[in-house]
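Just so it is clear, the structure is predicted and the values come from calculations on it, not from any experiment.
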Amino acid sequence: MAGVSQATVSLVVNRIPEGLGRIPQATRERVEKIIRETGYVADPIARKMVKGQNRILGVFTYEPVFPSAQTDFFAPFLLGIEEAAQELGYDLLLLTGAAGQSKKIFGGNVRLRLADGCLILGRQFDRAELGQLVAGDYPFVAIGRRDDAGGPVPYVGADYVGAVRSLVEQAFALGHERLAYVGPSDGVESSDDRWAGFISAVGDDNRLVHLPEVTQPAEILLKSILDSGATVAFFLELADAVRVEALARAWDLRVPDDLSIVVLGNHLRVETSARQFTSFSIPREEMGRVATRMLVQQIEQLAGREQLLLPCPPISGTTLSGVPHD
């Protein structure tokens, strides 16, 4: 309409100094007149694509985000992610994977490149896909500590080692000498870290009893704890602590007077008999916020791939007290 090339229009619209100096004033005015008459504005999405950025952050999990059984677990992560993304001027894209298939980051229906970078969260990760991400140049951050996968994995996690160690030291200070650990000692990184914190504080194997088979009935678990001589039981999973504590009350055992119970990380305020378990809080909202900021720094090339552990504030609760006396 202005009788000039597309390149000339681009220079005028984008006001590129080194280009405008080569365009006659009359030509610039003719282009600007057409812009005013037509109400033309540059497509912001196209501009972002030219720069290689859409200002969109992907969010991927290997597990369903919205099932009712896990809503309370994932919701704080997503709240923190949303808050930080809005603050930084980014939109969010939930990557769901291929319908009817196991979820894959690199599956045929996962359009990873629609987002400038991706946040990955969940209890279990695909090691091969993590390795592929580490080997590539696509910005990503895992929420939760992850072992190396052909190289360091960028993550924001919780300091489970330090939090568990602190709880064990608290039990020793209260006079407990024999401790039970209820849950597996290996598996995903979050379980490994809890066990590492427990062992680093206990030191002497003679002071602990390990009960990894948590699928057993509560009656067997509680009897095993009592028969072992342990005066305090550390539970990897909140659900196992809930059922054992309920059975203890049914057997007229007083918690914590007869048996102390500690939960190694509490993401719900579950109360039994008007009490809250002694535990520590998992800073899930803050993990989501920090991971989002870390990802944006990667995207905008303000920082490289980093690893960070956040402290877990203690929950004093009412289920840990001094060692019982006959």
Run the side chain to side chain contact (heavy atoms under 4.5 Å, CB included) test against Q132 and tell me which residues pass, sequence neighbours left out. F106
Do you reckon L57 sits in the same ILVMFWY cluster as L308, going by side-chain contacts under 4.5 Å, direct or chained? yes
Among residues at least two apart in sequence or on other chains, which ones pass ring-ring contact (aromatic ring centres under 6.0 Å, His included) with Y181? W195, F198, H210
So, does Q307 use its side chain to make a donor-acceptor pair with the main chain of V153 at under 3.5 Å? yes
Partner residues of R127 under the salt bridge (charged side-chain N to carboxylate O under 4.0 Å, His left out) criterion, sequence neighbours left out: E189
Would you say T278's side chain and S316's backbone share a donor-acceptor pair under 3.5 angstrom? yes
Partners of D252 by salt bridge (charged side-chain N to carboxylate O under 4.0 Å, His left out), sequence neighbours excluded? none
Can you confirm whether E87 is buried at CD, in the sense that more than 12 heavy atoms of other residues, nucleotides or ligands lie under 6.0 Å from that atom? yes
Atom of I225, atom of A233 and distance for their closest heavy-atom approach: CD1-CB, 3.9 Å
Look at the side chain of S279 and the backbone N and O of G265, then say whether any donor-acceptor pair between them is shorter than 3.5 Å. yes
In a check of side chain to side chain contact (heavy atoms under 4.5 Å, CB included) between L320 and each of V262, I261, V255, which one passes? V262
Reported CG-to-CD1 distance for the pair L208 and I199, which is rounded to 0.5 angstrom: 5.0 Å
With rounding to the nearest 0.5 angstrom, report the CG to CG distance, L221 to D240. 6.5 Å
Across all chains, not counting sequence neighbours, the salt bridge (charged side-chain N to carboxylate O under 4.0 Å, His left out) partners of R30 are none
Give a yes or no answer on whether the side chain of S166 reaches the backbone of A163 with a donor-acceptor pair at less than 3.5 Å. no
Is a side-chain N or O of D116 found less than 3.5 angstrom from the main chain of N54, in a donor-acceptor match? yes
Would you say the side-chain atoms of E286 pair up with the backbone N or O of P283, donor to acceptor, closer than 3.5 Å? no
With sequence neighbours excluded, residues passing side chain to side chain contact (heavy atoms under 4.5 Å, CB included) with E29: Q25
Between R194 and L236 (side chain of the first, backbone of the second, donor and acceptor by atom type, cut-off under 3.5 Å), is there such a pair? no
Using a 3.5 Å distance criterion without hydrogens, assess whether the side chain of E129 forms a donor-acceptor pair with backbone atoms of I105. yes
For D227, the side chain to side chain contact (heavy atoms under 4.5 Å, CB included) test, sequence neighbours excluded, returns K223
Under a 3.5 Å distance rule, please check whether R305 uses its side chain to pair with a backbone N or O of V134 as donor and acceptor. yes
L95 versus G58, closest heavy-atom pair with distance: CD1-CA, 4.3 Å
Rounded to the nearest 0.5 Å, what separates atom CD in E83 from atom CG in L78? 13.0 Å
Please identify each residue that fulfils side chain to side chain contact (heavy atoms under 4.5 Å, CB included) with A84, with sequence neighbours left out. R289, T292, R293
Apply side chain to side chain donor-acceptor pair (under 3.5 Å) to D126 and list each qualifying residue two or more places apart in sequence or on a separate chain. K104
In chain order, what residues pass the side chain to side chain donor-acceptor pair (under 3.5 Å) check against S5, with sequence neighbours excluded? T8
For the backbone of G187 and the side chain of D192, can you confirm whether one donor and one acceptor N or O come within less than 3.5 Å of each other? yes
As an exercise, state the distance from CG of L211 to CD of Q216, rounded to the nearest 0.5 Å. 7.5 Å
For residues 136-173, which residue pairs qualify under ring pair (Phe, Tyr, Trp, His ring centres under 6.0 Å), counting only residues two or more places apart or in two chains? none
Tell me which pairs pass salt bridge (Lys or Arg N to Asp or Glu O under 4.0 Å) where either residue lies in residues 148-172, with sequence neighbours left out. none
L79 with F74, same ILVMFWY side-chain cluster at under 4.5 Å: no
Atom pair CG (L295) and CD (E306), whose distance is rounded to the nearest 0.5 Å: 11.5 Å
Distance from I56 atom CD1 to C118 atom SG, nearest 0.5 Å? 12.0 Å
Do the side chains of E300 and R55 get close enough for a salt bridge, i.e. N-O under 4.0 angstrom? yes
